[in-house]
Engineer: 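Please find one structure pasted underneath; my questions will follow.
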Amino acid sequence: GAVVSQHPSWVICKSGTSVKIECRSLDFQATTMFWYRQFPKQSLMLMATSNEGSKATYEQGVEKDKFLINHASLTLSTLTVTSAHPEDSSFYICSAGHGGNTEAFFGQGTRLTVV
Amino acid sequence: GQNIDQPTEMTATEGAIVQINCTYQTSGFNGLFWYQQHAGEAPTFLSYNVLDGLEEKGRFSSFLSRSKGYSYLLLKELQMKDSASYLCAVREGDYKLSFGAGTTVTVRA
């Protein structure tokens, strides 16, 4: 299947700093990528849809000024958590479609811990 | 939006069969997926249904009834490594997936 690479796998940052997470489709072009957040023992919650060359679409309740998404190329989307706080500590996962009626492919996920 | 419901937890013994049910309500159904997720890891794809009926893939099978808004994932010949969370996800449009809360399956010896 197609490969989606997410980096870093884990990151610890101080409260008030910003963290950038990258999501790359390695062997296909993805005009659309998705960013999810998952708190312990909960399911994946869609945060936003990242569209190549245009603004991201955010789900209700997600602050677009806090979670900056950039999809500058067909193989790369980035999520920047700005002014991180401990409550932002979570597992962030990206996914990309491969076209047609196929499954979305997930990155490895990023465990963010804000101290 | 969607309402996706699945049981929170299930327990079964090694070698047994477990069926995980999922019901959903959606305005633009375009496929139902099942994913397996081990703790601290990203979900991995198990199965996909877009038409009514049963899809079989080795020890795992998935069933869909669009008219009833219902699906199930059947795990046969359970192994210890099958202990994980199983996520039911509904797709609207081309790629957007919405997930249920997940069912934690515990396999006991």
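Just so it is clear: chains get the letters A, B, ... in the order the sequence lines come, proteins before strands, and each one is counted from 1. Heavy atoms only: backbone and side chains are in, while hydrogens, waters and symmetry mates are out.
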Engineer: Just to verify, what does B:Arg108 make a salt bridge (charged side-chain N to carboxylate O under 4.0 Å, His left out) with, not counting sequence neighbours?
Structural biologist: none
Engineer: Examine B:Met10 and B:Leu73 and state if one hydrophobic cluster contains both, with Ile, Leu, Val, Met, Phe, Trp and Tyr joined whenever side-chain heavy atoms are less than 4.5 Å apart.
Structural biologist: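 B:Met10 clusters together with B:Leu73.
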Engineer: Among residues 41-64 of chain A, which residues come closer than 4.5 Å to chain B, judged by heavy atom distances?
Structural biologist: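 Result: A:Gln42, A:Ser43, A:Leu44, A:Leu46, A:Glu59.
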Engineer: Looking at OH of A:Tyr36 and OG of B:Ser98, how far apart are the two atoms once the value is rounded to the nearest 0.5 Å?
Structural biologist: 6.5 Å
Engineer: At a heavy-atom separation under 4.5 Å, does B:Leu97 approach chain A through its side chain, its backbone, both, or neither?
Structural biologist: both
Engineer: If two hydrophobic side chains count as joined below 4.5 Å and joins carry through other members, does B:Ile17 share a cluster with B:Tyr86?
Structural biologist: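 No, B:Ile17 and B:Tyr86 fall in different hydrophobic clusters.
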Engineer: Just so I understand: if I count every heavy-atom pair under 4.5 Å between each of B:Ala39, B:Gly40, B:Ala42 and chain A, which residue has the most?
Structural biologist: B:Ala42
Engineer: Could you tell me whether B:His38 atom NE2 has more than 12 heavy atoms of other residues or ligands within 6.0 Å of it?
Structural biologist: yes
Engineer: For A:Lys66, does the NZ atom have more than 12 heavy-atom neighbours from other residues, nucleotides or ligands under 6.0 Å away?
Structural biologist: yes
Engineer: Above 12 or not: heavy atoms from other molecules or residues under 6.0 Å from CD of B:Gln79?
Structural biologist: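 Buried by this count: over 12 neighbours within 6.0 Å.
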Engineer: Compile the donor-acceptor pairs under 3.5 Å between side chains in residues 104-115 of chain A and protein atoms, sequence neighbours left out, one pair per line.
Structural biologist:
residue: A:Gln108; atom: OE1; partner: A:Gln6; partner atom: N; Å: 2.7
residue: A:Thr110; atom: OG1; partner: A:Gln6; partner atom: NE2; Å: 3.0
residue: A:Thr110; atom: OG1; partner: A:Pro8; partner atom: O; Å: 2.5

Engineer: State which residues pass ring pair (Phe, Tyr, Trp, His ring centres under 6.0 Å) with A:Phe39; sequence neighbours excluded, sorted by chain then number.
Structural biologist: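 Testing A:Phe39 for ring pair (Phe, Tyr, Trp, His ring centres under 6.0 Å), a comparison that skips the adjacent residues, returns none.
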Engineer: Show the nearest heavy-atom pair for residues B:Glu41 and A:Phe91, with the distance to one decimal.
Structural biologist: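 So the minimum-distance heavy-atom pair works out to O-CE2, 3.6 Å.
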